[in-house]
*Asks:* 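For reference, the structure I am asking about is given below.
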Amino acid sequence: MTIGVIGLGYVGLITAVGFASLGNKVIGVDVEKAKIDKINRSEPPIYENGLKEKLKEVNPNLTATTDMSALKNCEIIFICVGTPSRKDGSIDLSYVKKSAEDISEIIRKSDAYRVIVVKSTVVPGTTESLIPILEKSGKKLGKDFGLAMTPEFLREGSALEDFFNPDRIVIGAYDDKSKEAVSKLFKGFGQNKFYTKLKTAEMIKYASNSFLATKISFINEIGNVCKKLDIDTYEVAKGMGMDKRIGREFLNCGIGFGGSCFPKDVRALIAKAEELDEDPKLLKEVMALNDRQPLKKVNLLKKHIPDLKGKTIGVLGLAFKADTDDIRESRAIPIVDALLREGAIIKAHDPQAEENFRKLFPQIAYSSPEEVLNSDAVLILTNWKSFENLNYKGKLVLDGRRVLKAKEADKYEGICW
Ligand code: UDX
Ligand code: UDX
């Protein structure tokens with residue numbers, strides 16, 4: 001099939017590369033020229049395991065451009081543009097609406113039936129709200145074009161693996177014709193396909209991400225209590241996880257969740273609920289705990305070094321999680337910010353995220369891991385595998401992400417275990 005993908009960020013690019021590697025012809029569109037040029041040179045604009053090789057492999061099937069009209073012959077067009085948070089936490093749908101307007105222009109000029117598929121994470125009701133924009137083309141939904149919503153469940157750092165091995169594929173479809181077209185595209189995926197309504201598919205995404213975020217804040221709350229009882233929360237999580245109703249995954253306590261999805265999606269769901277005169281107290285507390293958790297790390301440091309002014313603090317890990325260069329909502333941001341406000345001198349290392357972090361914090365030093373270890377105290381904020389090979393002997397290490405090798409330090413403390 002010939003597929004269009006609008007928005008070549010973490011989600012759009014993986015979607016484009018994934019479907020291209022399955023033999024489809026894919027045309028990707030993005031507003032960032034630099035990103036387009038890199039993709040056409042088969043250079044990954046983001047760090048993602050296996051992406052460099054995949055981009056080379058799919059090169060003949062994938063072209064990237066800034067020109068939206070290149071999508072005119074696509075049978076399926078995915079919308080994967082950003083859906084950032086507004087100041088009040090509600091979702092900014094302007095890019096999604098802009099994409100719908102651009103697509104409306106395309107379908108106005110052609111009689112070929114095609115399906116528009118929203119993949120960006122959008123609050124329930126959004127996909128249907130695009131219908132009037134798309135019908136401004138003079139074409140009729142159902143007769144001239146189809147509409148679907150297939151939420152993304154990719155985790156950064158394992159995005160390609162998640163694309164090819166999804167637990168489930170959720171397909172919200174406007175009608176049978178849309179459903180048939182989209183399931184034809186996914187035919188190679190034997191995995192569980194779940195067909196549902198457009199806004200149910202939208203809600204499955206929000207409910208899934210909000211549940212996972214809740215699970216993390218839950219284990220962090222348990223961890224904060226366990227720490228005071230000198231109990232290893234990771235042992236507790238192991239015992240809990242043996243109950244299949246609970247499951248061990250997403251019970252790793254630490255400095256909290258970051259990334260471009262959990263914080264944004266929980267905030268958007270809270271805002272949507274309040275718009276509907278609901279008061280999502282549980283979700284609000286999930287976010288409040290997540291905001292407090294990084295500061296526990298600073299307080300723990302001040303227990304060891306009460307006056308941080310002029311002290312050198314080493315920071316290992318800046319990305320919001322391991323195996324990515326993404327620092328969006330990374331828990332390292334509030335921690336570094338608080339340390340700077342206390343007058344500390346910071347030396348940081350991250351295998352992939354230093355360039356992105358430097359844009360926010362040009363004033364701190366970026367060094368080798370060995371150099372970072374040569375500090376008054378060392379904070380571990382991301383659990384990169386490479387951190388398991390460092391020598392922590394004789395150091396003061398405060399661990400926010402459970403790097404076991406660090407336990408050899410002279411003084412080692414976990415934030416919530
Ligand atoms: C994005 C959304 O943020 C997320 O909520 C949704 O689940 C999937 O799409 P991600 O790929 O991580 O996730 O976003 P981002 O990395 O910000 O990429 C968005 C891309 O869209 C960027 O490359 C941006 O340049 C592009 N874009 C944005 C357009 O091409 N056109 C626009 O009008 C706006
Ligand atoms: C998440 C969802 O997992 C994915 O399904 C969705 O499509 C996008 O959002 P992602 O944000 O890429 O994926 O990473 P994830 O592995 O979920 O981690 C998110 C954050 O939670 C990271 O900051 C991570 O450090 C933290 N986390 C994760 C914990 O603190 N504890 C855990 O047990 C798991």
Side-chain angles (χ1 to χ4, degrees), residues 5-16 28-36 38-39 45-46 48 64-66 68 78-85 91-102 118-123 126 150-159 162-163 166-168 202 204-206 208-213 215-220 223 233-234 237 241 247-266 268 290 293-294 317 319-332 381-383 400-402 415-416:
V5 177
I6 305 175
L8 296 174
Y10 286 90
V11 174
L13 181 57
I14 297 298
T15 301
V29 177
D30 198 294
V31 290
E32 285 180 33
K33 181 90 177 55
K35 198 171 276 194
I36 296 299
K38 275 192 166 186
I39 293 168
I46 53 170
E48 195 50 64
T65 173
T66 54
M68 196 61 79
F78 282 99
I79 297 178
C80 297
V81 292
T83 52
S85 298
I91 187 170
D92 175 358
L93 292 170
S94 57
Y95 302 133
V96 171
K97 290 194 169 20
K98 166 87 176 51
S99 302
E101 276 154 20
D102 292 338
V118 174
K119 186 167 267 294
S120 290
T121 301
V122 291
V123 287
T126 304
T150 60
E152 198 42 69
F153 300 102
L154 299 178
R155 286 164 302 158
E156 286 185 26
S158 53
D162 290 348
F163 176 87
D167 285 350
R168 77 301 205 186
E202 291 163 334
I204 289 169
K205 170 68 180 174
Y206 274 95
S208 301
N209 267 11
S210 299
F211 176 76
L212 292 170
K215 205 172 174 184
I216 294 167
S217 281
F218 172 81
I219 199 64
N220 285 344
T233 324
Y234 277 73
R248 173 63 185 78
E249 295 213 46
F250 280 69
L251 284 179
N252 299 325
C253 66
I255 50 175
F257 56 83
S260 75
C261 292
F262 283 172
K264 174 176 71 67
D265 296 350
V266 178
N290 197 56
Q293 201 65 3
F320 83 91
K321 62 184 271 196
D323 300 329
T324 181
D325 61 347
D326 198 345
I327 61 161
R328 288 180 286 189
E329 305 257 0
S330 167
R331 298 292 82 195
L381 304 185
T382 312
N383 52 342
R401 288 286 186 210
R402 191 85 167 185
I415 176 176
C416 51

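All ligand and atom numbering here is 1-based and tracks the order in the structure. Just so you know, these numbers come straight off a predicted model, no measurement behind them.
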*Asks:* Any side-chain to backbone donor/acceptor pair from Lys205 onto Val122? Under 3.5 Å, distance only.
*Replies:* no

*Asks:* Is the count of non-hydrogen atoms from other residues, nucleotides or ligands lying under 6.0 Å from Lys97 atom NZ greater than 12?
*Replies:* yes

*Asks:* Does an N or O from Lys119, backbone or side chain, lie closer than 3.5 Å to an N or O of ligand 1?
*Replies:* no

*Asks:* Do any nitrogen or oxygen atoms of Ile6 come within less than 3.5 Å of a nitrogen or oxygen of ligand 1?
*Replies:* no

*Asks:* How far apart are the closest heavy atoms of Ile91 and Thr121, and which atoms are they?
*Replies:* CD1-O, 3.3 Å

*Asks:* Test of understanding: with ring pair (Phe, Tyr, Trp, His ring centres under 6.0 Å), list the residues that count as partners of Phe163, not counting sequence neighbours.
*Replies:* Phe19, Phe189

*Asks:* Near ligand 2, which residues have a heavy atom under 4.0 Å away from one of its atoms?
*Replies:* Glu152, Phe153, Leu154, Arg155, Glu156, Lys205, Asn209, Ile216, Phe250, Leu251, Asn252, Gly256, Phe257, Gly258, Cys261, Phe262, Phe320, Lys321, Arg401

*Asks:* Heavy-atom count around Tyr95 OH within 6.0 Å, excluding the residue itself: above 12?
*Replies:* no

*Asks:* Hey, what do you get for NZ (Lys33) to OG1 (Thr65), rounding to the nearest 0.5 Å?
*Replies:* 8.5 Å

*Asks:* Looking only at distances, can you tell me whether any N or O atom of Lys98, backbone or side chain, sits closer than 3.5 Å to an N or O atom of ligand 1?
*Replies:* no

*Asks:* Backbone or side chain, does any N or O of Lys35 fall under 3.5 Å from an N or O of ligand 1?
*Replies:* yes

*Asks:* Suppose I only count heavy atoms of Glu32 and a 4.0 Å limit; which atoms of ligand 1 are within that range?
*Replies:* 25 (O)

*Asks:* For Gly12 and ligand 1, does the shortest N/O to N/O distance drop below 3.5 Å?
*Replies:* no

*Asks:* Show every donor-acceptor pair shorter than 3.5 Å between a side-chain atom in residues 248-263 and any protein atom, with sequence neighbours excluded, or say none if there are none.
*Replies:*
unit_1 : atom_1 : unit_2 : atom_2 : d
Arg248 : NH1    : Asn252 : OD1    : 2.9
Arg248 : NH2    : Asn252 : OD1    : 2.7

*Asks:* Among residues at least two apart in sequence or on other chains, which ones pass side-chain hydrogen bond (donor to acceptor under 3.5 Å, both in side chains) with Thr324?
*Replies:* Glu156

*Asks:* Is there side-chain contact between Ile6 and Asp102, with heavy atoms separated by less than 4.5 Å?
*Replies:* no

